[in-house]
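A short write-up of the structure that comes next.
A note on names: the letters A, B, ... follow the listed sequences, proteins ahead of strands, and every chain is numbered from 1.
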There are 4 protein chains.
Amino acid sequence: MTAEPPVPATSNTAGEPAQRRRRDAAETRQLLLDAARQRFARDGYAATTVRDIADDAGVNVALISRYFTSKEGLFEACLRAAGDELRRTTGQTPADRVPEAIARHIADLGAAGLSSQLSLLLRSSGDAGADEIRRGVLVRSSEQLAAARGWRPGEPDSEQLLLRAQMALAAGIGVAVLRSSIRLEPLSSATEQDLVGPLRDLVDALLPPR
Amino acid sequence: MTAEPPVPATSNTAGEPAQRRRRDAAETRQLLLDAARQRFARDGYAATTVRDIADDAGVNVALISRYFTSKEGLFEACLRAAGDELRRTTGQTPADRVPEAIARHIADLGAAGLSSQLSLLLRSSGDAGADEIRRGVLVRSSEQLAAARGWRPGEPDSEQLLLRAQMALAAGIGVAVLRSSIRLEPLSSATEQDLVGPLRDLVDALLPPR
Amino acid sequence: MTAEPPVPATSNTAGEPAQRRRRDAAETRQLLLDAARQRFARDGYAATTVRDIADDAGVNVALISRYFTSKEGLFEACLRAAGDELRRTTGQTPADRVPEAIARHIADLGAAGLSSQLSLLLRSSGDAGADEIRRGVLVRSSEQLAAARGWRPGEPDSEQLLLRAQMALAAGIGVAVLRSSIRLEPLSSATEQDLVGPLRDLVDALLPPR
Amino acid sequence: MTAEPPVPATSNTAGEPAQRRRRDAAETRQLLLDAARQRFARDGYAATTVRDIADDAGVNVALISRYFTSKEGLFEACLRAAGDELRRTTGQTPADRVPEAIARHIADLGAAGLSSQLSLLLRSSGDAGADEIRRGVLVRSSEQLAAARGWRPGEPDSEQLLLRAQMALAAGIGVAVLRSSIRLEPLSSATEQDLVGPLRDLVDALLPPR
DNA sequence: TATGAATGAGAATTCATTCAT
DNA sequence: GATGAATGAATTCTCATTCAT
């Protein structure tokens with residue numbers, strides 16, 4: 001519906017005949033990846049057709065097979081990308097700025113779609129490979145989150161802290177989904193400013209700063 | 001093929017002959033509803049086939065059309081049932097027992113599947129009718145949750161409080177999904193005892209008891 | 001092209017509205033099997049589409065999946081049927097009538113399609129399961145053929161005799177294909193009468209009667 | 001991807017630098033032709049993809065279009081080549097050596113693939129042009145075979161003799177296919193020595209030397 | 001009421017072929 | 001001459017739904 005129209009790399013200022021055929025493999029791949037991430041996050045795996053994705057990206061359907069082997073392969077690539085993005089947020093943030101970082105992540109509903117990256121992590125394709133990737137991403141992120149608040153593997157109460165970190169992650173993801181997929185009001189139209197306070201309370205309550 | 005139908009929720013108290021139960025419209029309906037709720041919650045709407053559901057319920061596929069008109073109709077019925085259940089939890093609970101109630105709800109991974117009721121609320125069918133029902137359920141639940149902590153429509157800061165209630169709800173749903181669908185460890189095997197403490201911290205932080 | 005029009009079981013004498021829906025599972029299965037055998041024999045596995053077969057049979061495509069799981073499954077069922085038919089010819093024939101039996105088999109270009117059964121044995125689907133079935137059919141048939149001329153497993157010259165039986169079988173199949181698929185003239189329009197003499201010479205030369 | 005191209009049929013006598021061979025239209029053409037003949041003979045027309053052939057030949061797919069216009073065109077070229085080869089065998093052989101020539105032809109399972117040339121003649125592409133070529137090849141070959149045993153067009157019994165020649169040809173082709181495509185044992189691992197005796201019996205029985 | 005046969009729409013994937021470089 | 005990106009036309013299979021019994 002509100003799909004971003006495919007913007008050709010070469011700016012198409014004049015009213016030239018809508019030249020298809022970009023002939024840039026890397027860019028085509030990325031266009032597909034972006035379109036897929038949004039569709040998968042918004043509609044779920046099964047409800048998304050490869051044709052939807054290809055149309056959003058403005059490229060031919062067959063290129064999905066070419067670049068990602070299959071719909072599954074494309075989904076896994078999306079998960080990996082979302083994992084990288086999430087790791088960047090939870091990993092490179094000083095302990096006391098974590099809530100802000102999460103808030104920023106959640107709030108970003110833009111085309112870049114950090115929020116949709118989060119929602120994506122709840123979507124299942126039924127494929128074992130994808131499930132494994134997703135669990136890996138979530139485990140690593142929750143460990144980074146816990147580590148930011150003093151968690152060390154093997155220590156006493158280590159398990160407890162990790163559990164709380166996973167709940168904080170779950171909360172963040174839940175908020176992202178209710179905002180971007182379900183569009184629950186007033187949550188859906190809350191700004192980053194609106195979110196950061198409650199999120200700070202939430203994170204600090206689960207993972208008290210030392 | 002003729003998979004043994006799962007024992008219906010309503011306990012079969014009387015000493016009736018073991019395999020009666022045929023030709024009972026109400027029971028058939030309930031069997032389908034129970035099977036559908038679990039499938040939809042676990043696998044999502046699009047990934048669930050009506051044949052899966054009918055097989056789980058031990059009844060013929062065509063009866064789904066008969067009793068619920070369509071797959072959409074069955075899904076909406078599931079949402080309504082989940083809404084009723086959720087309303088019972090968030091509505092009939094005194095303010096200071098809300099975290100315990102949520103914890104109980106989330107922890108219940110049994111066949112009855114309170115946890116799956118929560119997960120269900122994140123599942124989308126792409127159908128506008130179902131979306132509306134879901135939003136209704138979530139809005140009402142968050143309002144009840146907020147009301148338990150003193151929210152009244154129209155008052156100053158009313159919006160703020162509702163937003164926080166929705167975030168608490170989102171957190172609960174997020175935890176339910178990570179437990180039941182994603183099976184993230186150690187969250188997935190945490191007991192109700194393990195969950196209630198962190199959840200109390202979380203809810204109290206978002207919605208401070210007055 | 002020259003596909004036998006699907007004859008409904010219930011004779012359709014009057015000009016009734018071309019009633020689809022036969023509702024007879026066994027018959028539907030057989031209709032598909034017959035249509036498939038002819039198509040596969042004539043055009044080969046890969047060149048035959050399931051839609052062709054279903055149209056020839058006058059039934060819906062989806063029923064191929066229902067009754068035979070897949071195109072592969074249907075092909076294997078055809079091979080098995082061809083094997084049964086062939087075994088009947090080479091197995092239940094007294095030694096000195098073998099050439100006549102083969103001639104009759106090859107000559108039968110009718111709808112029943114004994115000739116197409118033979119051609120089928122040369123068609124490959126690329127599927128390992130089908131290849132195994134085919135080899136089994138051919139081995140058994142050549143053993144029966146050899147046995148009719150005195151072959152016994154393990155005896156001296158046993159291998160030699162089996163080899164000759166396989167060559168006789170190969171000759172029969174080759175003739176069937178050149179007649180029915182390639183339509184090479186004058187071979188293609190030769191009658192059973194025309195074929196039986198040369199075939200007798202051929203078989204007797206390879207497998208001298210004792 | 002860049003699979004080592006099979007050594008071209010034409011022996012590379014001179015001591016040229018090992019990996020020249022790029023940019024030689026004639027050689028590229030031949031590489032494609034050799035690869036195609038083997039694939040088509042082994043897997044059939046429809047089951048063979050142009051990409052398979054190009055990969056086997058170690059050249060780019062698009063060159064098939066360039067040199068042979070289309071997949072059909074390549075197939076027809078293969079048929080023509082097989083016809084030339086076959087004509088050489090059946091045409092330039094004195095009457096009493098025909099069985100040996102056929103045996104040699106059938107026995108040759110090497111990369112050059114005389115046997116695969118024979119199998120190829122049974123493969124159909126569904127294209128009328130190819131069918132015509134194939135029939136032409138087979139008719140001419142059977143006429144040559146018959147002529148070696150005294151056949152002259154128009155003479156009495158001329159038709160009879162031609163029919164018998166076609167059956168001998170069919171037998172040869174049948175044996176080739178059962179050996180190379182079906183891999184029926186013990187026929188498949190029989191040597192030229194094993195084959196020549198039975199083949200002599202077969203040919204002499206069908207086409208008695210005068 | 002219940003069942004299984006039948007159907008048509010739609011989805012993923014493969015593939016020959018055409019272009020732009 | 002050669003390459004690899006792109007395309008559109010199939011093709012197989014799945015699935016919700018409808019009918020006849």
Side-chain angles (χ1 to χ4, degrees), chain A residues 19-29 46-54 58-74, chain B residues 1-2 22-25 28 46-54 59-74, chain C residues 19-29 46-54 58-74, chain D residues 1-2 22-25 27-29 46-54 59-74:
Chain A
Q19 58 175 108
R20 266 291 85 77
R21 299 229 188 182
R22 243 168 309 255
R23 301 245 155 211
D24 179 336
E27 187 192 5
T28 298
R29 230 192 93 99
T48 299
T49 75
V50 290
R51 198 147 252 126
D52 288 339
I53 297 172
V59 308
N60 186 283
V61 218
L63 296 180
I64 290 180
S65 299
R66 193 193 215 313
Y67 291 119
F68 301 96
T69 312
S70 67
K71 188 187 179 187
E72 283 288 355
L74 176 53
Chain B
M1 298 293 169
T2 51
R22 301 287 84 165
R23 316 264 149 176
D24 178 337
T28 297
T48 299
T49 75
V50 289
R51 210 149 236 125
D52 287 340
I53 297 172
V59 307
N60 186 280
V61 213
L63 298 182
I64 290 179
S65 300
R66 184 189 261 300
Y67 290 123
F68 300 95
T69 310
S70 68
K71 188 187 181 187
E72 285 288 357
L74 176 53
Chain C
Q19 55 174 108
R20 263 293 84 75
R21 296 224 191 189
R22 244 168 309 254
R23 301 248 156 209
D24 179 336
E27 187 191 3
T28 299
R29 231 191 93 100
T48 299
T49 76
V50 289
R51 197 148 254 126
D52 289 340
I53 297 172
V59 308
N60 187 282
V61 218
L63 297 180
I64 289 179
S65 299
R66 194 193 215 311
Y67 292 120
F68 300 95
T69 311
S70 68
K71 187 187 180 187
E72 284 287 358
L74 176 54
Chain D
M1 298 290 169
T2 51
R22 300 289 85 166
R23 316 265 149 175
D24 178 337
E27 187 180 11
T28 297
R29 234 191 89 100
T48 299
T49 74
V50 290
R51 211 148 234 126
D52 288 339
I53 296 171
V59 308
N60 187 280
V61 213
L63 297 182
I64 289 179
S65 299
R66 185 189 261 299
Y67 290 123
F68 300 94
T69 311
S70 68
K71 189 188 180 186
E72 284 289 356
L74 177 52

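- Across every non-hydrogen atom of C:N60 and C:A54, the tightest pair is C-CB, 4.1 Å.
- An OP1 or OP2 oxygen of E:dA2 is reached within less than 4.0 angstrom by a side-chain nitrogen or oxygen of B:Y67.
- Atom CG of B:L63 is separated from atom P of E:dA2 by 6 Å (rounded to the nearest Å).
- In this structure, D:D52 places its CG atom 16 Å from C1' of E:dT17, rounding to the nearest Å.
- If you take CD1 of D:I53 and P of E:dC15, they are 12 Å apart, rounded to a whole angstrom.
- Phosphate proximity of F:dA6 to A:T28: present, with a side-chain N or O under 4.0 Å from OP1 or OP2.
- We find that CG of A:L74 is positioned 12 Å from C1' of E:dA12, with the value rounded to whole Å.
- The two residues C:A47 and D:A46 make their nearest non-hydrogen contact at N-CB, 3.7 Å.
- Distances shorter than 4.0 Å separate none of the side-chain N or O atoms of D:R66 from OP1 or OP2 on F:dA2.
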Pairs under 3.5 angstrom, nitrogen or oxygen only, protein versus nucleotides 9-13 of chain F, please.
from: F:dT12; atom 1: OP1; to: C:T48; atom 2: O; distance (Å): 3.4
from: F:dT12; atom 1: OP1; to: C:V50; atom 2: N; distance (Å): 3.4
from: F:dT12; atom 1: OP1; to: C:K71; atom 2: NZ; distance (Å): 3.2
from: F:dT12; atom 1: OP2; to: C:V50; atom 2: N; distance (Å): 3.1
from: F:dC13; atom 1: OP2; to: C:K71; atom 2: N; distance (Å): 3.0

Writing each nucleotide of DNA chain E 5' to 3' as (, ), [, ], | or . by Watson-Crick or G-U pairing under 3.5 Å yields .||||||||||||||||||||
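- In terms of heavy atoms, B:V50 sits closest to B:I64 at O-CD1, 3.5 Å.
- In this view, B:R66 and B:L63 satisfy the side chain to side chain contact (heavy atoms under 4.5 Å, CB included) rule, not counting sequence neighbours.
- Counting all heavy atoms, side chain and backbone alike, A:Y67 lies closest to A:R29 at O-NH1, 3.6 Å.
- The only option from D:T69, D:I53, D:T48 that meets the side-chain contact (heavy atoms from CB on, under 4.5 Å) definition with D:L74 turns out to be D:I53.
- Contacts of D:T49 classified as side chain to side chain contact (heavy atoms under 4.5 Å, CB included), with partners at least two apart in sequence or in another chain: D:R51, D:D52.
- Regarding C:F68, its CZ atom lies at a distance of 18 Å from the C1' atom of F:dT14, rounded to whole Å.
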